[in-house]
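For the numbers below, each heavy atom of this structure counts, side chains included, while hydrogens, waters and symmetry mates do not. Bear in mind that the values here come from a model prediction, so they are computed numbers and not experimental data. Start at 1 with the first residue, then count along the sequence.
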Amino acid sequence: MSEGQTSSAFTKRVFSGIQPSGGLTLGNYLGAMKRFAGMQGQGFQTIYCMVDLHAITVWQDPENLRRATRELCAGYIASGIDPEDSILFNQSQVPEHTQLAWIFNCVARMGWMQRMTQWKDKAGKNQQNASLGLFAYPALMAADILIYHATHVPVGEDQKQHVELTRDIAIKFNHDFGVDFFPVTEPVIEGAATRVMSLRDGSKKMSKSDPSDMARINMTDDADAIASKIRKARTDPDALPSEAKGLDERPEARNLVNIYAALADMSVDDVLRDVGGKQFSEFKPMLSDLAVEKLSPISTEMARLMEAPDEIDAILARGSARARAIAEPILKRTYEIVGMVH
């Protein structure tokens, strides 16, 4: 497959995953899980994963990792992902991911890995003490996607570089072995709030690691906590504009409008047509009511599921069996192409 070709010959299949590092936020929901749920029933086979192998590129407390994996699964389901409609599993239960990753370690080039923004950000000036896994994990991410011949990956803007690397690996593998075997995967970046910002600083991404809990809405927050955080969110003294360009130099205002638009399934322009001219004293209660309406049922269902770990584990086991049914023949054919004797 040449660089300009599409993946139209492949089954339309979506893959994406989230690290189970604990503390799901509104950013995870709007930037990922809500979008994942929305891709069900749209003509794609949907495969969603808890990428626990990625999580251990930095040290994790084992008990916390187990809990975070189950919590993430609960979050997926509570957000509308149907484990019967989609394939839902944790990465370490499907060994084909790591087996294909080794092949891709031998296809990817050192220079490609050294250019990865997340490597530079996470390792920083301490690269010699960072784990080999942290350096090499983009090849595992490519394997996560391509072990299912996934044609589309919904990602946030900050993950687009990883999908570009996946495309480079697929193109090089196909070229090196003279095959049209791996699809050139397309990133799917859309929606009003694919990047949700801090409620205390509109220039920073909403993060579970922010020292202030008021900077984020946690997916486990109850209605009172959600309302309080929105009421106290940082804003500016001006009224809301009537069109999107009026938000250009107003990061906090833009963030709250984006959140409203994403929760309401509206465009930013449509929201501003309704609320343009309003002060934040009027807009914040509207956003609070909407957020509580949309998010409270999710936190309630997550809490129920977390009281039933056996139910979660059974869902993950069924999902991994379904995932392996797709992955095994793709890995087998990969080995044949490379020249492995089995």
**OP:** Test side chain to side chain contact (heavy atoms under 4.5 Å, CB included) on L165 and M113 and set out the steps.
**Re:** CA-CA 9 Å; L165 179 74; M113 298 301 198; 4.1 Å; yes
Salt bridge between [X] and [Y], side-chain N to carboxylate O under 4.0 Å?
X    : Y    : answer
E84  : R318 : yes
R67  : E63  : no
R70  : D313 : yes
K229 : D213 : yes
R333 : E328 : no
E186 : R167 : yes

Original post:
Would W112 and E164 satisfy side chain to side chain contact (heavy atoms under 4.5 Å, CB included), going step by step from the backbone distance to the final call?
Top reply: CA-CA 10 Å; W112 298 0; E164 291 169 350; over 6 Å; no
Original post:
Taking only residues at least two apart or on different chains, which pairs with a member in residues 279-296 satisfy side-chain hydrogen bond (donor to acceptor under 3.5 Å, both in side chains)?
Top reply: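 Every candidate side-chain hydrogen bond (donor to acceptor under 3.5 Å, both in side chains) pair involving residues 279-296 fails, so no pair, neighbours aside, qualifies.
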Subject >> Verdict with supporting geometry, V196 and T25, side chain to side chain contact (heavy atoms under 4.5 Å, CB included) >> reply: CA-CA 9 Å; V196 181; T25 70; over 6 Å; no
Going by atom types only, do [X] and [Y] share a side-chain donor-acceptor pair under 3.5 Å?
X    : Y    : answer
N64  : R66  : no
T117 : Q161 : yes
S203 : D201 : yes
N258 : N255 : no
S86  : Q40  : yes
T69  : D52  : no
D270 : S267 : yes

Test item: [X] side-chain N/O and [Y] main-chain N/O as donor-acceptor pair under 3.5 Å:
X    : Y    : value
T185 : A150 : yes
S228 : D224 : no
N218 : T220 : no

Cluster overlap [X] with [Y], hydrophobic side-chain contacts below 4.5 Å:
X    : Y    : result
F104 : L134 : yes
V94  : I145 : yes
F135 : W59  : no
I298 : M39  : yes

**OP:** Answer yes or no on whether K278 is positioned over the face of F283, meaning its NZ or CZ is under 6.0 Å from the six-membered ring centre and within 45° of the axis.
**Re:**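 Verdict for F283: no cation-pi partner in K278.
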**OP:** Check step by step if ring-ring contact (aromatic ring centres under 6.0 Å, His included) holds for F15 and Y48.
**Re:** CA-CA 6 Å; F15 175 91; Y48 299 127; 8.0 Å; no
Subject >> H54 and Y137 aromatic ring geometry - parallel, tilted or perpendicular at 30°/60° bounds >> reply: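 Perpendicular: the ring planes of Y137 and H54 meet at over 60°.
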**OP:** Go through the steps for F181 and F177 under the test ring-ring contact (aromatic ring centres under 6.0 Å, His included), then give the verdict.
**Re:** CA-CA 9 Å; F181 186 61; F177 293 99; over 10 Å; no
Subject >> From CA spacing to verdict: ring-ring contact (aromatic ring centres under 6.0 Å, His included), F10, H152 >> reply: CA-CA 11 Å; F10 292 86; H152 296 79; over 10 Å; no
Original post:
Given side chains that start at C-beta, do those of H162 and V155 come closer than 4.5 Å, heavy atoms only?
Top reply: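 Answer no - side chains too far apart.
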Subject >> Approximate separation, where rounding is to 0.5 Å, of C106 SG and D176 CG >> reply: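 Reported value, rounded in 0.5 Å steps: 11.5 Å.
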**OP:** Given side chain to side chain contact (heavy atoms under 4.5 Å, CB included), test S198 with K205 step by step and report yes or no.
**Re:** CA-CA 5 Å; S198 164; K205 188 175 179 181; over 6 Å; no
